[in-house]
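Worksheet: the structure to be examined is printed underneath.
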Amino acid sequence: MTTSLELMERTHTCGELRGTDEGKTVLLKGWVDSWRDHGGCLFIDLRDRYGLTQAIFNYAELGQTLDAASSLRNEFVLAVEGKVVSRGENINKNIPTGEIEISVSRFEVLSPCKVLPFEVDDDTNAHEELRLKHRYLDLRRPVVQKNLILRHRLMQLARNYLSEHDFMEIETPMLTKSTPEGARDYLVPSRVHGGSFYALPQSPQLFKQLLMVSGYDRYFQIARCFRDEDLRYDRQPEFTQIDLEMSFPTEETIYGLMEGMMVLLWKELLGIELQTPFPRMTYAEALDKYGRDAPDTRFEMFLTDLTDLLKDGCGFGVFDGAIEGGGLVKAINVKGKAKEYSRKMIDQLTDYVKTFGAKGMAFAKVKDDGTWQAGFAKFLSEDLMKALSERLGAEADDLLLFGADPKASIVNESLGRLRIRVAEEIGLIQPKQYSFTWVTHFPMFEYDEEEERYVALHHPFTMPRPEELHKFEDGGDLSDMLANAYDLVLNGQEVGGGSLRIHREEIQKKVFHALKIGEDEARAKFGFLLDALGYGAPPHGGLAFGLDRLTMILAGTSSIRDVIAFPKTTRASCLMSEAPSEVDDKQLQELSIALRKET
RNA sequence: GGGGUGGUAGUUAAGUUGGUUAUAACGCUGGCCUGUCAAGCCAGAGGCCGCGGGUUCAAGUCCCGUCCACCCCGCCA
């Protein structure tokens with residue numbers, strides 16, 4: 001009696017066999033990727049995550065069992081035993097195993113497959129909704145597998161790199177204390193302490209600082225983080241950070257180590273040699289030239305500030321009003337594209353900037369004689385137009401796009417986003433281009449008009465730059481106090497951010513004071529950190545990388561869901577498992593949570 | 001919380017100014033076929049047109065509401 005193939009170990013994967021294996025008797029197991037029935041013979045491509053191998057079921061070899069083979073369909077799980085034979089004239093150059101095929105002598109269906117909800121195929125055109133509902137099928141597709149393999153390799157490289165540089169991987173709790181500063185927490189009710197809640201971590205921030213106090217001078221963790229906020233193409237309610245912290249660093253130590261890690265990742269994963277050191281830019285410069293704290297440095301087309309040239313008034317109400325209201329007038333120069341941009345296209349750009357709060361968008365087309373064709377041209381004196389042209393480097397056929405608003409932030413945000421959109425439209429951005437920049441010298445605080453107080457731009461444990469500390473004593477305006485915080489920006493996306501932290505209790509207290517976090521409140525929320533800082537805390541700092549975003553960029557995908565095995569929708573539900581779901585009244589009672597009233 | 005786009009066989013889409021039996025491709029079922037690799041040829045089955053109201057002699061199509069997904073703004077220290 002022969003042993004069932006199901007009980008036998010496969011001899012090879014479906015991506016392994018080559019011409020040199022000809023003559024071997026092999027056993028492969030995998031999924032039917034496609035089948036082509038020719039009556040007398042049947043071709044099947046068998047797939048696993050390593051590749052595809054063609055198996056041929058031949059009438060002469062199999063006799064009447066060919067009838068059984070003809071019922072094989074896509075995504076059946078199959079074991080095939082047979083001899084590796086050359087394909088002779090019929091080599092398939094599209095797959096690595098294309099020189100050979102398996103001439104099947106015996107096969108078993110290990111598992112059949114129902115009619116599929118969508119075709120499990122790289123170029124499936126099924127909607128994402130359907131693919132997420134059957135994610136286990138979607139994950140079979142080689143393109144998706146490729147992304148997860150990339151993610152795995154990235155994690156391994158990061159782990160090894162950090163370990164080699166004396167970082168210890170230490171796990172911090174998932175059930176932590178809610179600290180409602182910043183993003184909304186996911187809460188977990190406590191059964192034992194009825195009415196009390198844990199929070200899932202938004203980041204391991206406090207714990208990693210405490211590890212520094214404890215003397216674990218280099219820590220890292222590939223840490224799952226949770227934020228209960230609305231989602232986007234690059235935001236999930238749970239996401240992963242490569243989180244690290246070190247004691248006694250200088251800023252340079254951190255930049256050097258992190259650049260080394262990026263160099264390694266790009267070399268190993270993309271075969272690209274990155275140049276170091278990465279350029280650096282202050283937050284102020286980023287805002288001035290790019291309009292954003294995450295500048296896309298793959299192309300120029302900078303924002304040009306025209307406010308000083310227009311400060312005496314020009315008669316154009318939009319510009320004058322913006323400046324009188326304490327705002328800005330800035331512009332970008334789209335070189336040589338005035339003729340390409342129709343009125344309709346410019347209207348679309350206007351609609352676009354309006355989504356960022358701009359009231360409109362003035363534009364001008366530079367004529368051959370250097371003067372402007374613009375609705376507001378009549379307001380500009382010859383000298384003023386000349387001065388503006390010179391500042392903007394304007395030449396014939398340039399398209400000038402203006403942002404003007406009493407709120408500087410609206411001008412920067414709208415023009416900054418417009419700059420990127422236009423660059424995409426006119427092809428300034430090359431594929432496979434990777435442009436890193438450190439953005440430094442972030443402000444400590446920004447004013448929150450709703451709460452009528454300063455809030456921390458980074459987080460409340462960020463160290464002010466040492467030369468700024470005196471501003472606490474001077475009293476008054478803290479809006480220009482700079483922090484020892486830095487972001488790593490890649491192609492206009494923040495991929496990492498961090499800071500040197502406060503390691504002295506009295507500075508931490510001053511920051512809390514500036515944030516109008518009272519002593520009692522500070523004690524209740526962060527007492528353990530304040531205490532720890534009083535027991536010999538080393539100077540420390542670190543940063544966290546967004547693993548999902550990094551993987552997205554490396555994989556060249558446009559959605560974070562493409563690099564997460566089981567992602568959630570933009571309404572934070574899992575279409576496959578149907579989480580979140582209602583729970584029994586009994587469960588709620590145990591958790592001391594009031595039952596939902598029937599209505 | 002606000003705005004935009006989409007939802008029609010298993011899947012992806014078409015469906016005109018409202019009008020007779022709602023099309024096509026792929027998939028599925030059956031038949032033919034020994035060199036396919038997007039296999040080919042023939043035949044067939046398959047529909048709560050997201051859901052609920054309304055207008056109308058008549059609704060996939062028009063109106064109102066609602067659900068789901070995606071994208072954007074707010075939000076995300």
Side-chain angles (χ1 to χ4, degrees), chain A residues 33-45 52-62 66 70-71 73-75 85 87-95 97-98 101 103 113-134 137 179-185 202-203 205 225-237 239 351-358 410 413-414 417 421 442-446 448 450-451 454-462 483 485 494 497 499 511 515 517 546 558-559 561 568-571 573 575 578:
Chain A
D33 193 66
S34 70
W35 53 277
R36 296 169 293 278
D37 189 347
H38 287 251
C41 79
L42 167 69
F43 297 100
I44 281 190
D45 293 337
L52 285 179
T53 301
Q54 176 166 287
I56 177 165
F57 294 70
N58 200 302
Y59 189 78
E61 299 273 337
L62 279 168
L66 190 58
S70 69
S71 68
R73 290 295 179 268
N74 285 346
E75 300 306 316
V85 298
R87 292 218 211 166
E89 298 295 300
N90 304 305
I91 284 176
N92 182 348
K93 290 188 176 127
N94 298 321
I95 54 173
T97 62
E101 63 193 359
S103 180
C113 177
K114 297 184 284 196
V115 173
L116 291 157
F118 59 91
E119 288 175 54
V120 178
D121 195 8
D122 270 358
D123 45 10
T124 185
N125 43 16
H127 292 157
E128 191 177 16
E129 189 174 351
L130 191 69
R131 294 196 283 115
L132 288 179
K133 191 174 172 191
H134 304 274
L137 291 177
T179 54
E181 187 85 354
R184 196 176 291 118
D185 285 322
Q202 297 181 25
S203 90
Q205 183 61 37
C225 304
F226 303 84
R227 290 178 194 175
D228 188 4
E229 296 292 344
D230 286 353
L231 306 173
R232 288 285 190 283
Y233 78 98
D234 63 345
R235 269 192 242 156
Q236 282 276 302
F239 58 100
D351 288 342
Y352 184 65
V353 296
K354 280 181 181 170
T355 64
F356 304 105
I410 287 183
E413 175 71 6
S414 59
R417 300 286 284 258
R421 172 166 165 159
F442 276 81
M444 275 293 286
F445 307 109
E446 65 182 344
D448 186 321
E450 230 170 80
E451 295 204 30
Y454 285 110
V455 295
L457 191 76
H458 190 55
H459 57 56
F461 319 109
T462 302
E494 181 199 328
S499 62
V511 170
L515 294 169
I517 297 175
S558 56
S559 166
R561 297 180 295 276
K568 295 193 172 51
T569 69
T570 53
R571 288 197 67 228
S573 52
L575 296 179
E578 299 184 319

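Reminder, nothing fancy here: chain letters follow the sequence lines and each chain counts from 1.
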Starting at atom NZ of A:K114, determine the distance to atom C1' of B:G10, rounded to an integer number of angstrom. 12 Å

Could you list the protein-to-nucleotides 29-33 of chain B atom pairs, N/O on both sides, closer than 3.5 Å?
from  : atom 1 : to    : atom 2 : distance (Å)
B:U29 : OP2    : A:R73 : NE     : 2.9
B:C33 : N3     : A:D37 : O      : 3.2
B:C33 : N3     : A:G39 : N      : 3.3
B:C33 : N4     : A:G39 : N      : 3.3

Rounded to the Å, how far apart are A:L116 CG and B:A9 P? 17 Å

Whole angstroms only, please: what is the CG-C1' distance between A:D45 and B:U36? 9 Å

Using atom CZ of A:R184 as one end and atom P of B:C75 as the other, report the distance to the nearest whole Å. 12 Å

Can you say whether the rings of A:F445 and A:Y454 are parallel (under 30°), tilted (30 to 60°) or perpendicular (over 60°)? tilted

By centroid distance (under 5.5 Å) and plane angle (under 30°), are A:F43 and B:U36 in a stacked arrangement? yes

Minimum side-chain heavy-atom gap A:E75-A:L116 below 4.5 Å: yes

Report yes if a donor N or O on one partner sits less than 3.5 Å from an acceptor N or O on the other, where the partners are the side chain of A:R87 and the base of B:U36; otherwise report no. yes

To the nearest Å, give me how far apart CD (A:E119) and P (B:U11) are. 12 Å

Report the distance from atom CG of A:L457 to atom P of B:C76, rounded to the nearest whole Å. 11 Å

Integer angstrom distance from the C1' of B:A59 to that of B:C64: 15 Å

Quick one: look up who B:U56 pairs with, Watson-Crick or G-U, both distances under 3.5 Å, and put none if it's unpaired. none

B:C70 to B:G50 separation - C1' atoms, rounded to the nearest Å: 16 Å

Partner of B:U5 under the Watson-Crick or G-U wobble criteria, both distances under 3.5 Å, comes out as B:A69

Short side-chain N/O contact from A:H127 to OP1 or OP2 of B:U12, under 4.0 Å: yes

Test log, rule side chain to side chain contact (heavy atoms under 4.5 Å, CB included), inputs A:R561 and A:T570: CA-CA 10 Å; A:R561 297 180 295 276; A:T570 53; 4.1 Å; yes

Quick one: A:N125 CG to B:A14 P, roughly how many Å, whole number? 12 Å

How many whole angstroms separate atom CG of A:D123 from atom P of B:A13? 14 Å

Determine the Euclidean distance between corresponding P atoms of B:U11 and B:C49; express it in Å to zero decimal places. 14 Å

G-U wobble or Watson-Crick pairing nucleotide for B:C33 (cut-off 3.5 Å, both distances): none

Looking only at heavy atoms, which two atoms of A:A126 and A:F118 are closest? And how far apart? CB-CB, 3.5 Å

Of B:C28, B:A38, B:C37, the nucleotide closest to the side chain of A:N94 is B:A38

Sticking with atom P, work out how far B:G18 lies from B:G27, rounded to a whole angstrom. 37 Å

Report yes if at least one side-chain N or O of A:R36 is closer than 4.0 Å to OP1 or OP2 of B:U36; otherwise report no. no

Please encode protein proximity along nucleotides 66-73 of chain B as a string of B, S and -, counting only heavy-atom distances under 4.0 Å. --SSSSSB

Mind checking the P distance from B:G60 to B:C72? Whole angstroms is fine. 35 Å

For B:G3 versus B:C26, give the span between their P atoms, rounded off to a whole number of Å. 42 Å

Side chains of A:I91 and A:K93 in contact at under 4.5 Å (non-hydrogen atoms): yes

